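Below is one structure, written out as structure tokens; the observations come after it.
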Amino acid sequence: MSSTQDSAAEAAAVPRIVLVPGLGLDVRSSARLRRRSGGTVVILPGMGLRRSVGSLPELADELRAGLGSGPVVLVGHSQSCQVVAAVAERDPRVVGLLLLGPTTDPRMRRLTVLAARWVRTALREPWWQLPLVLSQWLHTGPAAMTALWRRLSDDRVDDRLRRVAVPVVVVRGERDVLCPHDWAAHLADCAPRGRLVEFPGAAHMTPQTHPAAVAELIAGLVRSQASS
């Protein structure tokens, strides 16, 4: 094999990074992270796209269509963690999974409970995030956001993770009440190769508030798969 072929084979073996924003968010939510980690963003209905939201299998199919060829490390945030987990469950291209603040703890299915937890978490976030988050929500629109929540709120991501064989890193900010410690620990335990990482002082918006720490975890997943 020529040196050119060797280089091409080596490049093909290095996993690409694909990020999916959380509920109502878009490419701006991971801008600070991508400056450190690289990667591409796939925008889905209710997660950056203002259009009709399909079922979880349909959202997973849309994400799969945007992955391209070769191995990939998938990064989900908040409610998009359900979509990336659904893809990782069945798609052999996925070699690593990073779940940032995964939601849909069954205890928060009632909207009153969810709203109270959201307010408590928002008060623990840095103030400078508010304009950025609000502008993304306005871009996606309340109709698409509400539809996404209704479509995905009953999904048992914990059961799904039991069938994900690749390394899974669950990340939680210690001040995040949308993703409580026991829920995050449960998800990490469900994945056969799962582990939990908690960021001191962080709340729910870790891609924006702790990009360097998240980028380090992504790099670790990429390195471990590229060398395997």
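When reading the values below, keep in mind they use all heavy atoms of this one structure, side chains included, and skip hydrogens, waters and symmetry mates. Small disclaimer: the values here were computed from a predicted structure and weren't measured.
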Around atom CH2 of W127, are there more than 12 heavy atoms of other residues, nucleotides or ligands at under 6.0 Å?
no

Closest approach of H186 to D158 (non-hydrogen atoms, all atoms of both residues)
NE2-OD2, 2.9 Å

Where P211 and L33 come nearest, the two heavy atoms and their spacing:
O-CD1, 3.4 Å

Pairwise side-chain contact, D91 with L67, heavy-atom cut-off 4.5 Å (strictly under)
yes

What's the shortest heavy-atom distance between P167 and R193, and which atoms?
CG-NH2, 3.4 Å

Pairwise side chain to side chain donor-acceptor pair (under 3.5 Å) hits with a residue in residues 34-47, at least two apart
S30-R34

Please check: side-chain N/O of R32 versus main-chain N/O of Q208, any donor-acceptor pairing under 3.5 Å?
yes

Between R107 and D182, does at least one N-O distance fall below 4.0 Å, as a salt bridge requires?
yes

Indicate yes or no: at least one non-hydrogen side-chain atom of L97 is less than 4.5 angstrom from one of V84.
yes

Look at the side-chain heavy atoms of Ile, Leu, Val, Met, Phe, Trp and Tyr, link any pair under 4.5 Å apart, and say whether L130 and M205 land in one connected group.
yes

Provide the closest heavy-atom pair for C179 versus P102 in the form atom of the first, atom of the second, distance.
SG-O, 3.3 Å

From the options T140, L25, V53, L148, select the one residue that forms a side chain to side chain contact (heavy atoms under 4.5 Å, CB included) with M47.
L148

Between the CZ atom in R151 and the CD atom in Q82, the distance rounded to the nearest 0.5 Å is 13.5 Å

Heavy-atom side-chain proximity of L44 to L49 below 4.5 angstrom
no

Residue pair L152 / L59, side-chain heavy-atom distance below 4.5 Å:
yes

So, does S80 use its side chain to make a donor-acceptor pair with the main chain of G76 at under 3.5 Å?
no

From C81 atom SG to L100 atom CG, the distance as rounded to the nearest 0.5 Å:
6.0 Å

For the side chain to side chain contact (heavy atoms under 4.5 Å, CB included) test, which of T103, D105, V170, L178 pairs with W183?
D105

Could you check if a side-chain atom of L74 sits within less than 4.5 angstrom of a side-chain atom of I17, using non-hydrogen atoms only?
no

Verify the cluster assignment for V169 and V222: are they in a single hydrophobic cluster under the rule of side-chain heavy atoms below 4.5 Å apart?
yes

Looking at side-chain heavy atoms only, is the closest gap between V214 and L98 below 4.5 Å?
yes

For V20 and L63, run side chain to side chain contact (heavy atoms under 4.5 Å, CB included): C-alpha distance rounded to whole Å, both residues' side-chain angles, the deciding distance at 0.1 Å, then the answer.
CA-CA 9 Å; V20 185; L63 175 54; 3.8 Å; yes

Just do the side chain to side chain contact (heavy atoms under 4.5 Å, CB included) check on V75 and I218 with the steps written out, would you?
CA-CA 8 Å; V75 182; I218 293 173; 3.9 Å; yes

Heavy-atom side-chain proximity of P21 to I43 below 4.5 angstrom
yes

Got a sec, which pairs hit side chain to side chain donor-acceptor pair (under 3.5 Å) with one end in residues 63-72, sequence neighbours left out?
D61-R64

Please give me the minimum heavy-atom distance between F199 and A213, naming the atom from each residue.
CZ-CB, 3.6 Å

With D159, which of R162, R156, R163 fulfils side chain to side chain donor-acceptor pair (under 3.5 Å)?
R162

Are V171 and V177 linked, directly or through other ILVMFWY residues, by side chains that come within less than 4.5 angstrom of each other?
no

Under 3.5 Å, side chain of S135 to main-chain N/O of L132, donor-acceptor pair present?
yes

Closest non-hydrogen atom pair between W149 and L23, with its separation
N-CD1, 4.5 Å

How far does NE2 of H139 sit from CG of L134, to the nearest 0.5 angstrom?
14.5 Å

Mind checking whether V157 and T104 have side chains closer than 4.5 Å, heavy atoms only?
yes

Give a yes or no on whether V14 and L217 share a hydrophobic cluster (residues Ile, Leu, Val, Met, Phe, Trp, Tyr; joining criterion: side-chain heavy atoms under 4.5 Å apart).
yes

What do you reckon, is CD of E174 surrounded by more than 12 foreign heavy atoms closer than 6.0 Å?
yes

Determine, step by step, whether T209 and W128 satisfy the side chain to side chain contact (heavy atoms under 4.5 Å, CB included) criterion, reporting the C-alpha distance in whole Å, the side-chain angles of both residues, the deciding distance to 0.1 Å, and the verdict.
CA-CA 10 Å; T209 60; W128 57 263; 4.3 Å; yes

Parallel, tilted or perpendicular: which fits the ring planes of H204 and H77, with parallel below 30° and perpendicular above 60°?
tilted

